[in-house]
Amino acid sequence: MVQNSQARVLTTPRLSIQHGVTAIFDATTKIPIVSTTATATSTVQTIQSLDIGERMTITPFIDTDRGIVTMKLIPEISTRGQSVDVGIQAVPEKNTRKVETLLRVRDGESIVIGGLMRQSTNESRAKIPILGDIPLLGGLFSTTNSGQEEVELLIIVTPKIMKVD
C-alpha cells in the first residue's frame, strides 16, 4: 500500500526494552492552553499543555528458552478537535483513540494492531474581502470547499530477542 501511495509510514521507532520494564514511545506535540483565574483582588494566568499525537506504552515479558515475547501494548492516538468556548476562552477538544491489549508472539514475528479509525469533515471558505461578506450577494464573491477524510492507523510491532553473553 505504501508503494501504491495508498498509505504512508508515520514513524519507525526502535526501542530496546528489558524484561518486565515499561517503555514509552511519545511523538506528541504540546499545545499550550492559557487558563485565567480571576478573584476579587487579582487575576492569575497559568499555562497548561495538551499533548496531541501518537504514544505507545510497551511492557515485554520475554521467555528466552522458547523464543516467545508476551507484550502489554497500549497505543494511544490523539488529534486536536474543534475549539470550545469555556467562559471567555476558546479551548481545543482532544479526540483520543486508545487500545489496551496483551499479545504473545514468537521472536522476529510481526503483529498488527488496527481499528484506530478517524473520520473528519473539513470545510473551508475563501472570499474576496468585504465583497464576500455582503448579505445575499456575498456568495457570488466566495467559494466553499468541503471534504471528508477517513483514516485507519495500523501499528506493526516486531519484537526481536537480543541475546546477552
Side-chain angles (χ1 to χ4, degrees), residues 1-18 21-39 42-60 69-103 105 110-135 138-159:
M1 290 181 80
V2 172
Q3 292 174 352
N4 295 335
S5 299
Q6 294 177 334
R8 65 185 173 116
V9 176
L10 296 178
T11 184
T12 54
R14 298 183 187 275
L15 301 172
S16 294
I17 312 169
Q18 294 180 357
V21 177
T22 299
I24 298 172
F25 170 75
D26 191 342
T28 58
T29 301
K30 292 192 179 299
I31 296 175
I33 299 173
V34 178
S35 176
T36 305
T37 306
T39 63
S42 67
T43 301
V44 177
Q45 286 189 330
T46 56
I47 298 177
Q48 299 172 340
S49 63
L50 187 64
D51 292 336
I52 301 291
E54 296 83 29
R55 181 181 173 98
M56 170 92 79
T57 304
I58 305 170
T59 307
V69 180
T70 303
M71 296 176 286
K72 181 178 181 180
L73 295 173
I74 307 172
E76 182 178 322
I77 313 303
S78 58
T79 55
R80 183 179 177 154
Q82 298 177 347
S83 292
V84 178
D85 290 332
V86 178
I88 59 171
Q89 287 182 267
V91 179
E93 290 177 329
K94 180 178 179 180
N95 301 323
T96 302
R97 292 162 326 279
K98 180 178 177 179
V99 174
E100 190 167 335
T101 188
L102 188 66
L103 299 167
V105 66
S110 297
I111 53 110
V112 178
I113 299 172
L116 297 169
M117 307 239 351
R118 173 177 52 95
Q119 288 182 336
S120 62
T121 302
N122 302 318
E123 190 169 303
S124 62
R125 183 173 183 237
K127 62 181 180 175
I128 297 174
I130 301 171
L131 296 175
D133 295 325
I134 298 172
L140 298 173
F141 302 101
S142 65
T143 59
T144 302
N145 294 318
S146 63
Q148 209 167 19
E149 178 182 54
E150 188 173 289
V151 176
E152 179 173 9
L153 183 70
L154 297 176
I155 298 169
I156 303 170
V157 179
T158 307

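The figures here come from the full heavy-atom set of this structure, side chains too, leaving out hydrogens, waters and symmetry mates. All figures in this text were calculated on a predicted structure; none of them were measured in a lab.
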So does D51 get a backbone contact from the side chain of K94, meaning a donor-acceptor N/O pair under 3.5 Å? yes

Distance from T57 atom OG1 to K98 atom NZ, nearest 0.5 Å? 7.5 Å

Interatomic distance, I33 atom CD1 to S49 atom OG [nearest 0.5 angstrom]: 7.5 Å

If I take atom CD1 from residue I77 and atom CZ from residue R55, how far apart are they, to the nearest 0.5 angstrom? 11.5 Å

For the student: nearest non-hydrogen atoms of M71 and P159, plus distance: CE-CG, 4.0 Å

Any L15 side-chain heavy atom under 4.5 Å of M56 side chain: no

Looking only at heavy atoms, which two atoms of T28 and E54 are closest? And how far apart? CG2-O, 3.7 Å

Looking only at side-chain N and O atoms, does T22 offer a donor or acceptor that is under 3.5 Å from a partner on T59? yes

Measuring from E76:CD to E100:CD, what's the distance to the nearest 0.5 Å? 10.5 Å

More than 12 non-hydrogen atoms from neighbouring residues, nucleotides or ligands closer than 6.0 Å to CD on E93, yes or no? yes

To the nearest 0.5 Å, how far apart are CG in D26 and CD1 in I24? 7.5 Å

Does T79 reach the side chain of R97, with side-chain heavy atoms less than 4.5 Å apart? yes

More than 12 heavy atoms of other groups within 6.0 Å of I130 CD1: no

Minimal non-hydrogen separation, V21 against P60, with atom names: O-CD, 3.3 Å

Shortest non-hydrogen separation from I156 to S110 and the atoms involved: CG2-CB, 4.0 Å

Answer whether the closest heavy-atom distance between the side chains of I58 and L73 falls below 4.5 Å. yes

How many angstroms lie between atom CD1 of I52 and atom CG of N95, to the nearest 0.5 angstrom? 8.0 Å

